[in-house]
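Since the structure comes first, as structure tokens, the remarks are kept for the end.
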Amino acid sequence: CYYGCMLTRFPYPVTITDDIENPQYMETIIRSLGADPLDWNLKTACCGASAVLNDPETAFNLMAKIMRDADDRGANAMVVTCPMCHMNMDTYQDAFCQKNGIEKRLPIFFITELLGLAMGFSMQDMQINRHFINASNLLKELEWI
């Protein structure tokens, strides 16, 4: 589960039941779907957000750092809720991995896509087939499709 930097950092006081430094709500949902979420250090780190447009080098370095940590922990995918995190980690993954010598590629899922699959929707229904990093091999291996 990759929360990114914005999901747990509010510009004003907000009462939430999750820990903003070590959030767990996505892990709870993922476990209920039968997956085994990993605990990892950079799950609330910034992916570079829109900096990829005006400072791609900095953004690519941030994304590579996140990818390395996920890989070091043994992740086989990332689950996100933020559209900017999804775009950066999926769309730019080949570019930032090549630039930083990272061989592994991880499918990036919106949590709602996994919920849709669990409810019986197809990859095409959830438009997972439109991702830049192929997710079908992992989903077949896990017997989710």
Side-chain angles (χ1 to χ4, degrees), residues 1-12 14 16 18-33 35-142 144-145:
C1 298
Y2 175 57
Y3 292 82
C5 66
M6 298 298 289
L7 190 61
T8 60
R9 290 166 180 77
F10 305 99
Y12 47 84
V14 175
I16 62 170
D18 209 350
D19 181 342
I20 63 170
E21 296 299 324
N22 186 22
Q24 295 293 311
Y25 73 87
M26 276 202 293
E27 284 85 345
T28 301
I29 294 168
I30 295 301
R31 274 189 208 92
S32 74
L33 298 176
D36 186 21
L38 302 173
D39 191 26
W40 60 304
N41 295 333
L42 297 180
K43 70 181 181 178
T44 60
C46 181
C47 68
S50 60
V52 75
L53 300 174
N54 63 342
D55 189 359
E57 185 171 342
T58 297
F60 280 13
N61 289 338
L62 291 168
M63 290 179 237
K65 186 176 177 182
I66 292 163
M67 182 64 71
R68 275 199 183 96
D69 192 54
D71 185 31
D72 288 348
R73 299 294 176 148
N76 59 7
M78 279 190 206
V79 180
V80 301
T81 60
C82 172
M84 187 65 73
C85 293
H86 189 279
M87 184 190 76
N88 280 351
M89 298 305 293
D90 183 49
T91 307
Y92 297 108
Q93 193 172 143
D94 276 334
F96 73 75
C97 283
Q98 273 184 345
K99 184 179 183 313
N100 289 279
I102 300 169
E103 290 184 30
K104 190 169 185 178
R105 302 296 187 266
L106 297 177
I108 311 298
F109 297 101
F110 280 111
I111 194 164
T112 51
E113 291 172 330
L114 298 182
L115 289 167
L117 290 175
M119 293 169 56
F121 290 95
S122 71
M123 273 185 54
Q124 290 74 23
D125 292 335
M126 302 309 298
Q127 298 191 20
I128 296 170
N129 56 315
R130 298 184 68 186
H131 290 194
F132 286 85
I133 301 300
N134 182 355
S136 62
N137 293 338
L138 175 62
L139 293 173
K140 286 175 186 171
E141 178 186 320
L142 297 173
W144 280 38
I145 59 170

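For reference, positions follow the sequence shown, starting with 1.
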Does the side chain of [X] reach to within under 4.5 Å of the side chain of [Y], using non-hydrogen atoms?
X      : Y      : result
Thr44  : Glu21  : no
Arg105 : Cys97  : yes
Phe60  : Val52  : yes
Leu117 : Ile128 : yes
Glu57  : Lys99  : yes
Tyr25  : Thr81  : yes

Please answer whether the main-chain N or O of [Y] pairs with a side-chain N or O of [X] as donor and acceptor at a distance below 3.5 Å.
X      : Y      : value
Tyr3   : Met26  : yes
Trp40  : Asp71  : no
Tyr2   : Ala45  : yes
Asp18  : Pro23  : no
Asp125 : Ser122 : yes

- Any pair with a residue in residues 104-142 that passes ring-ring contact (aromatic ring centres under 6.0 Å, His included), sequence neighbours left out, goes on the list, sorted by first then second residue, please. His86-Phe110, His86-His131

- Note on the structure: To the nearest 0.5 Å, atom CE of Met78 lies from atom SG of Cys1 at 11.0 Å

- Tell me yes or no: between the side chains of Arg68 and Asn100, is some donor less than 3.5 Å from an acceptor? no

- Is any NZ, NE, NH1 or NH2 atom of the basic residue among Lys43 and Glu27 found under 4.0 Å from an Asp or Glu carboxylate oxygen of the other? yes

